[in-house]
Novice: 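Pasting a structure here, questions to come.
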2 protein chains.
Amino acid sequence: MTIRDRAPDQLPPPPWQRRPRPASRRRRDPITVDAIVETALRLLDSDGLDRLSMRRVADELDTGAASLYWHVGSKDGLLDLIFDRVIGEHEMPEPQGARWKEQIKEVARAQRQAILRHRDLIAVSLGRVPMGPNALRFSEGVLAILRAGGVPDRLAVTGHLLLIATVNGFTLDEVSGPRPDDAQPDDPQPDDPQRGGKEASAPPSADAVAGYLASLPADQFPNLSAVARYFGDDDPDQRFDLLIDLFVEGLAQRAALAAPPR
Amino acid sequence: MTIRDRAPDQLPPPPWQRRPRPASRRRRDPITVDAIVETALRLLDSDGLDRLSMRRVADELDTGAASLYWHVGSKDGLLDLIFDRVIGEHEMPEPQGARWKEQIKEVARAQRQAILRHRDLIAVSLGRVPMGPNALRFSEGVLAILRAGGVPDRLAVTGHLLLIATVNGFTLDEVSGPRPDDAQPDDPQPDDPQRGGKEASAPPSADAVAGYLASLPADQFPNLSAVARYFGDDDPDQRFDLLIDLFVEGLAQRAALAAPPR
DNA sequence: ACCTGAACACCGTTCAAGT
DNA sequence: ACCTGAACACCGTTCAAGT
């Protein structure tokens, strides 16, 4: 993953020959697909998906948007590359047979963390069938663990697909759902004066949600208002662990049924 | 859900007074938020999310985009309304105590179907904490079933959250993943000459995926290439049922542990 | 082989002005 | 109270032309 893989074999032109650039910019790096991907991912992390544009990436690299198209084909192609880069952020463990249940849980947790490190990325996964090199390595690793654990092939494929769907689905809800109660509930935010009110107004805090649910008319929503308080102190980490536990245990039961242990 | 809720108490101006309209258009309906939501949903279903714009909705209603803002506030507000409309497409069953496991499965299946009826809608759910009237009724119904089945309150809340995440997650993968093998694999598509190549090139068929996986170098991907064939004949309906089974059974076990049946 | 400026066909949103 | 046209600040992508 070398960001600069071309030797700096030619000096930049002297200042008086340079076209006037938009004020202060570091010297332009050579354009590489790695540089593009890295820049785009940084922009995605810092400014969010709906501020990620080809023009802004290009600007950051000190070029025009058109120049990117020679390297990545389209914005969609760029998103593919970003997605695969993130999938590859952790390595798959060697399968250890009997420890397969723990290993699947580890992989699931690692994948959730990778997504959480790049929150808006989950939205990118939407129209995509991940088939980049890292996605393939991920699938290979999961299948290796399941088969080493004695899960029959057909069930292993299904389980592998369900694992991906489950982790993605949970993390999707987590990322777009109410925030755990960290930030103060009504900080007006400096609010970028540039754009209208586009930023998809920050989600409410878990406590705000719990409060709202508790305030609902009890005759129309008896259950929701009765249990409202539990919405407040729900812990995503715990909830995720429960889900993965249910999933892996259930899968193990089916595996034992389909191919009873020798 | 009345689409026109204003009496036609004033005739349209005679033709010679009308400003020239973009050619052939039916007589303009009064603008209502229901009409806006309905039009937008129709557009979403027929043309996909990235062709859904305020301008196109407005055009369909024979106005300018600016006029919509008085009714729905923003595009984001409109998407909220669309989302809640679809959540309300099916009614929640009355809780039947002991049948709770079947009922949860029914609700899950119905919710998946609602999403599948409006494929691109899943992308809309992303930044949203669904809190519209129909979303609340949905949550209320799920909690009612779980509690009637004897699931303790705290676990019921967690289970309800996990159910939503699971259904959304599965359906998300299903919608954006490879198509079941219906369409011919290499039809060039008439391809709307209007836009570049924006349409997020159609996902590959399940068979195409299986074929590609089988062709992978077996030394690098021994497991993936060994089980490739099972990727071809995997049935989403079956897979969904398996996932929901695992989930409900696991939940029932925890419920029994937490509060042993009287 | 790689990069560029300029153009095309779009966006969401605001706002002063109209009825 | 409701609707409008025009403007502002953006988009992704193409393409002929440059080096």
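Since the model is a prediction, treat every value here as computed from it, not as a measurement. Chain naming here is simple, since letters A, B, ... match the order of the sequence lines and numbering starts at 1 in each.
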Novice: Quick one: B/R56 CZ to C/dA9 P, roughly how many Å, whole number?
Specialist: 16 Å

Novice: I'd like to know if B/R56 and B/D47 make a salt bridge, using a cut-off of under 4.0 Å between side-chain N and carboxylate O.
Specialist: yes

Novice: Would B/R109 count as a cation-pi partner of B/F240, with NZ or CZ less than 6.0 Å from the six-membered ring centre and within 45° of the ring normal?
Specialist: no

Novice: Please figure out whether A/S67 or A/R55 has its closest DNA chain C nucleotide nearer the 5' end.
Specialist: A/S67

Novice: Grab the CG-C1' distance between A/D59 and D/dG12 for me, whole Å please.
Specialist: 16 Å

Novice: D/dA9 and C/dA9: how far apart are their P atoms, nearest whole angstrom?
Specialist: 23 Å

Novice: Regarding B/L68, tell me which of base, sugar-phosphate or nothing describes its non-hydrogen contacts under 4.0 Å with the strands shown.
Specialist: nothing

Novice: When all nucleic acid strands are considered with a 4.0 Å heavy-atom cut-off, which category describes B/L78: base, sugar-phosphate, or nothing?
Specialist: nothing

Novice: For a quick check of understanding: with a heavy-atom distance under 4.0 Å over all strands, which category does B/S53 fall into, base, sugar-phosphate or nothing?
Specialist: sugar-phosphate

Novice: With no hydrogens and no angle check, just 3.5 Å: does a side-chain donor-acceptor pair link A/T32 and A/H71?
Specialist: no

Novice: Is the gap between the ring centers of B/F83 and B/H118 under 6.0 Å?
Specialist: no

Novice: Roughly how many Å is it from CG in A/D76 to C1' in D/dC11, rounded to a whole number?
Specialist: 15 Å

Novice: Both distances under 3.5 Å, Watson-Crick or G-U wobble: report the partner of D/dG12, or none.
Specialist: C/dC8

Novice: Does A/H71 put a side-chain nitrogen or oxygen below 4.0 Å from OP1 or OP2 of C/dC3?
Specialist: yes

Novice: Among D/dC3, C/dC3, C/dG5, which nucleotide sits nearest the side chain of A/A66?
Specialist: C/dG5

Novice: Rounded to the nearest Å, what distance is computed from the CZ atom of residue B/R51 to the P atom of nucleotide D/dG12?
Specialist: 16 Å

Novice: Among the candidates D/dT14, D/dC3, C/dT14, find the nucleotide nearest to the side-chain atoms of B/Y69.
Specialist: C/dT14

Novice: Grab the CG-C1' distance between A/L52 and D/dC10 for me, whole Å please.
Specialist: 14 Å

Novice: What is the separation between atom CD1 on A/I31 and atom P on C/dA1, rounded to the nearest whole Å?
Specialist: 17 Å

Novice: Using purine N1 to pyrimidine N3 plus N6-O4 or O6-N4 for Watson-Crick, or N1-O2 and O6-N3 for G-U wobble, each under 3.5 Å, what pairs with C/dA1?
Specialist: D/dT19

Novice: Using atom CE of A/M54 as one end and atom C1' of D/dC11 as the other, report the distance to the nearest whole Å.
Specialist: 12 Å

Novice: Counting side-chain heavy atoms from C-beta on, which of C/dC11, C/dG12, D/dC2 comes nearest to B/W70?
Specialist: D/dC2

Novice: Can you check the B/L49 CG to C/dC11 C1' distance for me, whole Å?
Specialist: 13 Å

Novice: Taking the six-membered ring for Trp, are the ring centroids of B/H160 and B/F138 within less than 6.0 Å of each other?
Specialist: no

